[in-house]
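Okay, structure first, notes after.
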Amino acid sequence: MQLFRRFGFIVVSLAIVSSGGHVAAQRHATTTITRLYTGADGQSHAEDTDVAWRPSTLRAELNESAPVKVAAAQFLRWPRGFVWDGHPASKRQYVIIVSGRGEVEVVGGKKVQLAPGRVLLAEDVTGKGHTTRVGPDEDLVMLLVPLAPQP
């Protein structure tokens, strides 16, 4: 449970907590999230967005994002070599790659590489969906963090 609390804090706040020696270097770095969404054409698309940082309420040396309400957290492991062709996201959720490698392919053949540290915001819950391929060398382990339902 302690692990989930730590991951939950990291995911919900999307904050980079660093030692004092690294804060200056982190302050100007960008953190990118790849958003998968369904376009008007009913196809899955991908776009990169940067996290909007603001001064943290925890400490002056830190930055944080706006909080995001989430419903849960769950680890998921896909076996090496696994391919799931043409599936939409099961729900709006953050997908954080913990280990392994793979790719997500969207309309037009655009491929998003999956590697440890990659964060996706999967919102393509309708339409034809995307294809996910796991690399041949190791399983792909993800942390899924569904967003809370919107009122």
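Excluded from the calculations below are hydrogen atoms, water molecules and symmetry mates; all remaining heavy atoms, backbone and side chain alike, are included. In this chain, residues are counted from 1 in sequence order. Keep in mind that what you see is a predicted model, and the values were worked out from it rather than measured.
One hydrophobic cluster holds both I33 and V70 under the rule that ILVMFWY side chains link at heavy-atom gaps under 4.5 Å. In the hydrophobic clustering of this structure, V141 does not group with L144; members are Ile, Leu, Val, Met, Phe, Trp, Tyr whose side-chain heavy atoms approach within less than 4.5 Å, directly or through other members. Criterion: ILVMFWY side-chain heavy atoms under 4.5 Å apart, direct or through other members. Under it, L140 and L143 are not part of a common hydrophobic cluster. Under the 4.5 Å side-chain heavy-atom criterion for ILVMFWY residues, no single connected hydrophobic cluster contains both V125 and L121. Residues Y94 and V106 are members of separate hydrophobic clusters, defined by side-chain heavy-atom contacts under 4.5 angstrom among Ile, Leu, Val, Met, Phe, Trp and Tyr.
Residue pairs that meet the salt bridge (charged side-chain N to carboxylate O under 4.0 Å, His left out) test with at least one member in residues 133-145, sequence neighbours left out, are R77-D139, R80-D139, E103-R133, E105-R133.
Aromatic ring orientation, W84 versus H87: parallel (interplanar angle below 30°, classes split at 30° and 60°).
Within the 4.5 Å cutoff, the side chain of P88 has no heavy atoms near those of the K128 side chain. Using a 4.5 Å heavy-atom cutoff, the side chains of V119 and T31 are not in contact. In this structure, L114 and T132 have side chains that are in contact, with non-hydrogen atoms separated by less than 4.5 Å. Side-chain contact between M142 and I97: present, with at least one pair of heavy atoms (C-beta onward) separated by less than 4.5 Å. Here the side chains of H130 and V112 are not in contact, with every heavy-atom distance at 4.5 Å or above. Looking at L147 and V68, their side chains come closer than 4.5 Å, going by heavy atoms from C-beta outward.
The two atoms that bring T34 and A46 nearest to each other are CG2-CB, 4.1 Å, heavy atoms only. The heavy-atom pair separating P67 from R54 by the smallest distance is CD-NH2, 3.4 Å. Between G100 and P116, the shortest heavy-atom contact is O-CD, 3.4 Å. The shortest non-hydrogen separation linking A72 to P146 is O-CD, 3.4 Å.
In this structure a side-chain-to-backbone donor-acceptor pair under 3.5 Å is present from T131 to G86.
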Check against side chain to side chain donor-acceptor pair (under 3.5 Å), N63 and S56 = CA-CA 5 Å; N63 290 311; S56 175; over 6 Å; no
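The line from OG of S90 to CG of L76 is 9.0 Å long, rounded to the nearest 0.5 Å. Atom CG of L120 and atom CG of D48 lie 9.5 Å apart (nearest 0.5 Å).
In terms of the side chain to side chain donor-acceptor pair (under 3.5 Å) criterion, S99 has no residue partners (sequence neighbours excluded).
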Side-chain donor-acceptor distances from residues 36-44 under 3.5 Å, at least two apart:
{"residue": "T38", "atom": "OG1", "partner": "T126", "partner atom": "O", "Å": "2.8"}
{"residue": "D41", "atom": "OD1", "partner": "Q43", "partner atom": "N", "Å": "3.0"}
{"residue": "D41", "atom": "OD1", "partner": "H45", "partner atom": "NE2", "Å": "3.0"}
{"residue": "D41", "atom": "OD2", "partner": "H45", "partner atom": "NE2", "Å": "3.2"}
{"residue": "S44", "atom": "OG", "partner": "D124", "partner atom": "OD2", "Å": "2.5"}
{"residue": "S44", "atom": "OG", "partner": "G129", "partner atom": "O", "Å": "3.3"}

